[in-house]
Enquirer: 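So that we are looking at the same thing, I have put the structure below in structure tokens.
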Amino acid sequence: MKKVYMNFSTDIIHGGHIRIIKEAANLGELTVGVLSDQIVASYKRFPVLSTKERMAIVGSITGVRHVIEQDTLIGEDILRELKPDYFVHGDDWRVGVQAPIRARVIEILNEFDGELREFPYSKNQEYDALEMHARSQLSIPDIRRGRLKKLLKLKPLVTAIEVHSGLTGLIAENEKVVKDGKVSQFDAMWLSSLCDSTAKGKPDTELVDITSRLRTIDDIMEVTTKPIIFDGDTGGRIDHFSYLIKTLERIGVSAVIIEDKTGFKRNSLFGTEVEQQQDSIENFSRKISMGKSTMKTQEMLLIARIESLILEQGMQDALDRAFAFTQAGADGIMIHSRRKEPDEIFTFCKEFRAKDPSTPLVVVPSTFTSVTEEEFTQRGVNVVIYANQLTRSAFPAMQKTARLILEHQRAQEADNMCMSIKEIIKLIPEL
């Protein structure tokens, strides 16, 4: 018999899938590759069902002879080992983000005279409704809350980008890039106090209260499914912190990061240029322990942000704090620097990893922007947060647009800087 191969990422099997499986089975002995949780989370959305469960479902379908796990998006090793006579896929990947993947599959098939067979993609409002339902399930607080923790187990590096509105949340949710046969997208969203305050025209001094920030979270959660990492500043007074933890956990936030400073809050990138006071190790450790004991689940992460390098207190002080805070119960450590060179960040990672190989490490490369994600991974970093780039890029664009309209007394000169209304409407999902 001819050998046939196709792959699936879906955790929702509908009539369209059954039809294409039937067509594939008619061509010969059918093997189906089920994409791993890690690949699906990187390429599409976080799967509702695990790889094992999805493999069991696919294996029970009439016509499927073999089921294997595919742990890369293209599955080059599988194709070269199996050498299928036919590779079956829907015709939807001829355009859009999947087109480069299709081209690469054809190149591999040509190595052993394999043939690509494409069948019409099933378009049905009911199928779209099923996918929307799955996405709505991912947005439920009890399901969303633990997703960052799961991603840290699935992926060597998790990336997050700052969001401060429903619209920026949609950008974080939907943007994808195909490069070298891989699809890249952001794994999580960072709700920065700086950017949230800036969007409201307020200074970054904890002036925007928690009630206002919770409204921003609600706007973002309403239109997205990805986990939210909340910038908790100092966490406030220790007797108020437990209420913040309870609220964030209840609404489905995946992680809260608090910094070991006290008193009047100023942005860390000011460093020693303004007066900033670092909290004592003992007091901040008490805050961490109290926050952890307040949690009702083990799903939301409490991450300690260390300001020793920002405040020029030295590497040893930063390390002492890191080990003390993990001992107090912190689920992760964020190390911060305002230098343009990453040397002290790399040194901290090396020294910390020598004694603690497993606690997640978080970095925010706002100043040392030349470092790649691969370099961070090699240094033992687990989470990279792009903390303010959307805000910083949006402001000059809007400012230039406003100036062009003022200069020319009309809007035509600004047209090429503007997204069309039709594109904006398409970006925003219909409920």
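Computed from a predicted structure; not experimentally measured.
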Enquirer: Testing the 3.5 Å rule here: is there a donor-acceptor pair between the side chains of Asp317 and Ser308?
Expert: yes
Enquirer: For Arg144 and Thr224, run side-chain hydrogen bond (donor to acceptor under 3.5 Å, both in side chains): C-alpha distance rounded to whole Å, both residues' side-chain angles, the deciding distance at 0.1 Å, then the answer.
Expert: CA-CA 10 Å; Arg144 189 198 294 244; Thr224 64; 3.3 Å; yes
Enquirer: Evaluate side-chain hydrogen bond (donor to acceptor under 3.5 Å, both in side chains) for Ser193 paired with Asp204, printing each intermediate quantity in order.
Expert: CA-CA 7 Å; Ser193 63; Asp204 181 30; 3.3 Å; yes
Enquirer: Which residue, Ile108, Asn7, Ile106, forms the side-chain contact (heavy atoms from CB on, under 4.5 Å) with Phe87?
Expert: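 Among Ile108, Asn7, Ile106, the one meeting side-chain contact (heavy atoms from CB on, under 4.5 Å) with Phe87 is Asn7.
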Enquirer: How close do Pro360 and Asn382 get, heavy atom to heavy atom, and via which atoms?
Expert: CA-OD1, 3.1 Å
Enquirer: Under a 4.0 Å N-O cut-off, is there an ion pair linking Lys261 with Glu259?
Expert: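 Salt bridge flag = yes for Glu259 with Lys261.
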Enquirer: Has the side chain of Glu423 got a donor or acceptor atom that lies under 3.5 Å from a matching backbone atom of Ser420?
Expert: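 Between the backbone of Ser420 and the side chain of Glu423 there is a qualifying donor-acceptor contact (under 3.5 Å).
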Enquirer: Would you say Asn174's side chain and Leu170's backbone share a donor-acceptor pair under 3.5 angstrom?
Expert: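 Answer holds: yes.
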Enquirer: Evaluate the side-chain hydrogen bond (donor to acceptor under 3.5 Å, both in side chains) criterion for residues Thr347 and Glu344: first the C-alpha distance (whole Å), next the side-chain angles of each, then the deciding distance (0.1 Å), finally the verdict.
Expert: CA-CA 5 Å; Thr347 299; Glu344 61 179 4; over 6 Å; no
Enquirer: Any side-chain donor-acceptor pair under 3.5 Å between Thr391 and Glu162?
Expert: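 Yes, side-chain donor-acceptor contact under 3.5 Å.
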Enquirer: Does the side chain of Arg403 reach to within under 4.5 Å of the side chain of Lys400, using non-hydrogen atoms?
Expert: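 Side chain of Arg403 against side chain of Lys400, heavy atoms only: no contact under 4.5 Å found.
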Enquirer: Give a yes or no on whether the backbone of Leu390 and the side-chain of Ser393 come within a donor-acceptor separation of less than 3.5 Å.
Expert: yes
Enquirer: Do Glu374 and Thr377 have side-chain N/O donor and acceptor atoms under 3.5 Å apart?
Expert: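 Judged by distance alone, the side chains do not pair up.
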Enquirer: If you look at every heavy atom in Ile333 and Ile303, which pair is closest and at what distance?
Expert: N-CG2, 3.9 Å
Enquirer: Going by an N to O cut-off under 4.0 Å, is there a salt bridge joining Glu351 and Arg353?
Expert: no
Enquirer: Backbone N or O of Leu311 within a donor-acceptor pair of the Gln313 side chain at under 3.5 Å?
Expert: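 Indeed, once roles are kept as given, a pair shorter than 3.5 Å links the two residues.
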Enquirer: With Phe230, which residues qualify under ring pair (Phe, Tyr, Trp, His ring centres under 6.0 Å), at least two apart?
Expert: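 By the ring pair (Phe, Tyr, Trp, His ring centres under 6.0 Å) rule, Phe230 matches no residue at all.
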Enquirer: Just wondering, do His336 and Ile306 contact through their side chains at under 4.5 Å, heavy atoms?
Expert: no
Enquirer: Has the side chain of Glu307 got a donor or acceptor atom that lies under 3.5 Å from a matching backbone atom of Arg305?
Expert: no
Enquirer: Could you check whether any side-chain N or O of Lys226 sits under 3.5 Å from a backbone N or O of Glu173, counting only pairs where one atom can act as donor and the other as acceptor?
Expert: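 Side chain of Lys226 to backbone of Glu173: a pair is present.
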Enquirer: Find the distance between NE2 (His66) and CG (Leu82) and round it off to the nearest 0.5 Å.
Expert: 8.5 Å
Enquirer: Would you find a donor on one side and an acceptor on the other, under 3.5 Å apart, between the side chain of Glu69 and the backbone of Val34?
Expert: no
Enquirer: Do we get Lys246 above Tyr243's six-membered ring, with its NZ or CZ under 6.0 Å from the centre and within 45° of the axis?
Expert: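 Yes, Lys246 and Tyr243 form such a contact.
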